[in-house]
Amino acid sequence: MKIKDKEFALYLTEDKLNKRCKELGGQITADYKDKDPLFLSVLNGSFMFLSDLIRHVEFTMEINFIKLASYLKDKSSGAVQEIIGITGEIEGRHILVIEDIVDTGTTCKYLSGKLMEKKAASVSIAAMFLKPDVFLNQYPVKYVGFEIPNQFVVGYGLDYDGYGRNLRDLYQLKQ
Ligand code: IMP
């Protein structure tokens, strides 16, 4: 699979991704069914994970979106830019942040700090992918779909330079 100037190889199939969403949805249902949580989806990348995950959550919930950016092409810039900020009432709410992928964890740390400042009752993170080799563990990720090696991935909501988000499977950059 070629996207712009780079070659990618199939890494995780749609079927595996769907099965894992079902399992995570079951866990989140059990943990949050009596808490009226607010799901906070981090755009752009999390839209596909969010839409698969919430179909397996057995209660109705409020969903909000924020837009952050920390990546330029295929490299982390280290700084988080808030493009669409946090709106709505956070104080006293149990917040479940929905992330596509956690790499260094800079985005999670930034966001959890902001939410705690706004007096959230609790802040937990659900991420479809986590790269343990580079994760700095400054804030725990409670729900992880798959731990993956430290290689750039694309598809299932994730992009390379804006492209590839619509791919149903996950692809890994060929070295
Ligand atoms: P972190 O702040 O270093 O944890 O980076 C998290 C953000 O970087 C994610 O929400 C993605 O937008 C982006 N990102 C990290 N790794 C990848 C990747 O392998 N492919 C595409 N985007 C990535």
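Counting convention: from 1, in listed order, for ligands and their atoms alike.
With distances taken over non-hydrogen atoms, the option nearest atom 20 (N) of ligand 1 out of Val153, Leu158, Val80 is Val153. With distances taken over non-hydrogen atoms, the option nearest atom 11 (C) of ligand 1 out of Ile101, Val134, Leu136, Leu173 is Ile101. When the heavy-atom distances from atom 3 (O) of ligand 1 to Val102, Thr104, Asn150 are ranked, the shortest goes to Thr104. Relative to atom 2 (O) of ligand 1, the option among Asp161, Leu68, Thr107 with the closest non-hydrogen atom is Thr107.
Closest heavy-atom contact between Asp52 and Asn18: OD2-OD1, 3.6 Å.
Of the charged side-chain nitrogens involved, at least one lies within less than 4.0 Å of a carboxylate oxygen, so that Glu23 and Arg20 count as a salt-bridged pair.
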Would you be so kind as to tabulate the donor-acceptor pairs closer than 3.5 Å made by side chains of residues 91-98, with sequence neighbours excluded?
from  : atom 1 : to     : atom 2 : distance (Å)
Arg93 : NH1    : Glu62  : OE1    : 2.8
Arg93 : NH2    : Asp36  : O      : 3.1
Arg93 : NH2    : Glu62  : OE1    : 3.4
His94 : ND1    : Ser122 : OG     : 2.6

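Residue Asp159 approaches ligand 1 through these ligand atoms, each under 4.0 Å from one of its heavy atoms: 21 (C). Taking a cut-off of under 4.0 Å to the non-hydrogen atoms of Lys131, the atoms of ligand 1 that pass are 16 (N), 17 (C), 18 (C), 19 (O).
Between Gly105 and ligand 1, an N or O atom pair is found at a separation short of 3.5 Å.
Residue-ligand proximity: Val154 is placed with every non-hydrogen atom at 4.0 Å or more from ligand 1.
Panel note: side chain Asn64, backbone Leu40; no donor-acceptor pair is recorded below 3.5 Å.
Identified under the side chain to side chain donor-acceptor pair (under 3.5 Å) test for residues 132-151, with sequence neighbours left out: Asp31-Tyr143.
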